Number of protein chains: 2
Amino acid sequence: MSFTATEENYIKAIYHLQQRLGKAGTTVLAEAMQTRPATVTDMLKKLEAKKLLHYRRYKGFSLTESGNRLALLIIRKHRLWEYFLVHKLGFNWDEVHYMAEELEHISSRELITRLDQFLGKPAFDPHGDPIPDGKGRLKTIRQMNLMTLPLKKILVVQSVRNQSADMLELLNHYHIGIGTKLKVLRRFAFDGSAEIKVDKQPITIISNQVAQNVYCCI
Amino acid sequence: MSFTATEENYIKAIYHLQQRLGKAGTTVLAEAMQTRPATVTDMLKKLEAKKLLHYRRYKGFSLTESGNRLALLIIRKHRLWEYFLVHKLGFNWDEVHYMAEELEHISSRELITRLDQFLGKPAFDPHGDPIPDGKGRLKTIRQMNLMTLPLKKILVVQSVRNQSADMLELLNHYHIGIGTKLKVLRRFAFDGSAEIKVDKQPITIISNQVAQNVYCCI
DNA sequence: ACATATTTTTAGATTAGTCTAAATTTTATG
DNA sequence: CATAAAATTTAGACTAATCTAAAAATATGT
Ligand SMILES: [Mn+2]
Ligand SMILES: [Mn+2]
Ligand SMILES: [Mn+2]
Ligand SMILES: [Mn+2]
């Protein structure tokens with residue numbers, strides 16, 4: 001069975017929404033896909049016909065086993081291409097998303113196998129997100145955000161949750177990237193901001209919104 | 001202006017037909033695109049509306065300046081990706097065409113610039129075809145096919161014209177690839193076949209169809 | 001519990017790319 | 001040069017992906 005880029009994008013969006021929100025409805029999926037609920041309903045029927053979704057009208061929908069497998073394959077391709085773009089072609093982490101959004105739909109499986117080899121079978125992409133292996137398995141790392149970690153310990157940045165261009169631009173400004181070492185010196189109750197010391201940078205303050213989106217391990 | 005993959009495929013096909021046959025008509029383009037003349041007519045109107053084609057109904061069509069530029073950009077992308085697949089990912093030259101057929105439609109220009117850099121700005125693809133540079137310029141090499149070159153001189157294979165899977169399979173069997181050194185020992189008038197000595201291989205005979213499609217320089 | 005708000009689906013239309021069958025134009029030929 | 005053959009275009013239809021507007025189902029709040 002083969003799928004259009006649009007169908008793949010829907011499957012991926014449903015997977016991510018199920019991960020983040022537990023389950024997804026028509027309206028929230030429409031927002032994620034930048035389209036209208038009516039359009040989503042049409043697509044849900046098509047995806048059900050292709051056995052990627054369980055769907056009962058008005059009741060809800062969820063990925064089937066093969067829908068899940070497809071989602072993980074697309075995510076694998078997306079993250080491997082991002083890794084290639086950053087580590088082989090020298091792009092910055094905030095430049096690669098829209099290119100990977102196209103590259104993830106290149107169909108050849110052999111291409112992905114060889115790309116994985118060529119890159120050294122990486123386990124994490126440039127944003128710290130795990131890359132599913134050939135069987136769809138994900139490595140997980142114990143990590144917490146900067147609001148919940150102990151003060152004055154050396155922390156290593158593992159991933160960032162909000163990966164919007166605006167967020168990545170701000171993190172670049174703070175010299176915070178994946179693998180960066182930093183300490184949280186103190187937290188301010190008033191606005192939840194935090195004073196931090198980033199490796200080799202002067203002490204600064206980050207907002208609560210930033211702190212909540214940066215995940216580290218000790 | 002942006003173009004669909006289908007539009008790009010048409011523009012590339014028109015370019016190749018104009019190169020090979022001088023000019024192309026609706027029917028021959030339909031064959032090249034594996035579709036029907038009526039479908040081609042519809043597309044010609046669309047491409048004219050996008051200013052990629054000069055088109056006068058019943059009279060013919062040809063690429064505009066920007067149509068030509070677009071064709072060369074797509075060919076550049078196609079051949080750079082083929083080079084990547086062969087020289088970085090280790091594919092054989094007969095495995096890469098259909099993957100490049102998808103990859104050539106990835107839109108980012110910056111991606112192509114960086115890929116070109118990464119590959120060392122190659123001038124020829126794995127089939128010996130020239131890769132247009134960033135400004136659409138092609139390197140050309142003086143080359144002739146094995147039927148027109150002098151006997152008993154060492155020749156270096158530069159390119160192959162027919163690049164069908166069947167042809168490439170046969171050339172692999174003869175251990176003939178781009179850069180291979182060989183000599184034509186004699187030609188047989190009856191069927192136009194040729195006796196050749198391929199570098200380190202025993203003497204064999206190739207058919208006229210093969211000989212006419214292998215291009216070498218002295 | 002039932003009226004109102006929210007969510008979801010249906011109905012009907014549009015665009016890109018394709019098809020077949022028929023009409024038209026150009027080219028070739030007796 | 002008149003007609004037959006070939007090439008090309010038009011007409012009308014279909015599918016995928018989208019939209020708006022309206023209808024239907026579900027959820028919510030006093
Ligand atoms: Mn995508
Ligand atoms: Mn990523
Ligand atoms: Mn293509
Ligand atoms: Mn090639």
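Here is the naming used below: chain letters follow the sequence lines, and residue numbers restart at 1 for every chain. Being a predicted model, the structure only gives us computed values, none of them experimental.
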**Report entry** Within 6.0 Å of CD in B:Glu110, more than 12 heavy atoms from elsewhere
**Finding:**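 Counting neighbours around CD of B:Glu110, more than 12 heavy atoms of other residues, nucleotides or ligands fall under 6.0 Å, so yes.
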
Report task. Name all residues meeting the salt bridge (charged side-chain N to carboxylate O under 4.0 Å, His left out) criterion together with B:Arg79; count only those two or more places apart in sequence or in a different chain, and write none if there are none. Result ->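 For B:Arg79, the residues satisfying salt bridge (charged side-chain N to carboxylate O under 4.0 Å, His left out) (neighbours in sequence not counted) are B:Asp125.
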
Which pairs of donor and acceptor atoms, one on a side chain in residues 71-78 of chain B, lie under 3.5 Å apart (sequence neighbours left out)?
residue, atom, partner, partner atom, Å
B:Arg76, NH1, B:Pro132, O, 3.0
B:Arg76, NH2, B:Asp116, OD2, 3.3
B:Lys77, NZ, B:Glu104, O, 3.4
B:Lys77, NZ, B:Ile106, O, 2.8
B:His78, ND1, B:Glu104, OE1, 2.8
B:His78, NE2, B:Glu82, OE2, 2.9
B:His78, NE2, B:His97, ND1, 3.3

Report task. Write down the distance between CZ (B:Phe61) and C1' (C:dT25), rounded to a whole number of angstrom. Result ->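 Distance, rounded to whole Å: 16 Å.
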
Query - SB check A:Lys12 A:Glu7 (cutoff 4.0 Å) - result: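 Looking at A:Lys12 and A:Glu7, the cut-off is not met.
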
Requested in this report: Validate the cation-pi geometry between B:Lys88 and B:Phe118: distance from NZ or CZ to the six-membered ring centre under 6.0 Å, angle to the ring axis within 45°.
Outcome: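 Yes, a cation-pi geometry.
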
Atom pairs and distances, donor-acceptor, side-chain atoms in residues 21-39 of chain B, under 3.5 Å, two or more places apart:
residue, atom, partner, partner atom, Å
B:Thr35, OG1, B:Thr39, OG1, 3.4

**Report entry** Contacting residues from residues 47-57 of chain B, given that a heavy atom lies under 4.0 angstrom of DNA chain D
**Finding:**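 Listed by number, they are B:Tyr55, B:Arg57.
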
Query raised in the report: What residues in residues 6-20 of chain B put a non-hydrogen atom under 4.0 Å from any atom of DNA chain D?
Result: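 Close to the strand, none.
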
Query raised in the report: ring-ring contact (aromatic ring centres under 6.0 Å, His included) between B:Phe84 and B:Phe91: does it pass, once the steps are laid out?
Result: CA-CA 9 Å; B:Phe84 169 74; B:Phe91 282 101; 9.1 Å; no

Requested in this report: With DNA chain D as reference, determine whether A:Thr4 or B:Asp42 sits nearer its 5' end, using the nearest nucleotide of each.
Outcome: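 Result: B:Asp42.
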
Query raised in the report: Roughly how far apart are B:Ile112 CD1 and B:Arg109 CZ, rounded to 0.5 Å?
Result: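 Here the interatomic distance stands at 9.5 Å.
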
Requested in this report: Mind checking the CG-CE spacing from A:Asn213 to A:Met147? Nearest 0.5 Å is all I need.
Outcome: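 Reported value, rounded in 0.5 Å steps: 11.5 Å.
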
**Report entry** Interface residues of residues 22-41 of chain A with DNA chain C (non-hydrogen, below 4.0 angstrom)
**Finding:**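 Contacts with DNA chain C under 4.0 Å: A:Gly25, A:Thr26, A:Thr27, A:Pro37, A:Ala38, A:Thr41.
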
Query raised in the report: Does OP1 or OP2 of D:dT10 have a side-chain N or O of B:Lys45 closer than 4.0 Å?
Result: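 Checking D:dT10 against B:Lys45, a side-chain N or O does come within under 4.0 Å of OP1 or OP2.
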
Report task. Report yes if a donor N or O on one partner sits less than 3.5 Å from an acceptor N or O on the other, where the partners are the side chain of A:Tyr58 and the base of C:dT7; otherwise report no. Result ->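 Per atom types, no contact qualifies.
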
Query raised in the report: Just checking, is any N or O donor in the side chain of B:Asp191 or B:Ser193 under 3.5 Å from an acceptor N or O on the other one?
Result: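 Short answer, yes.
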
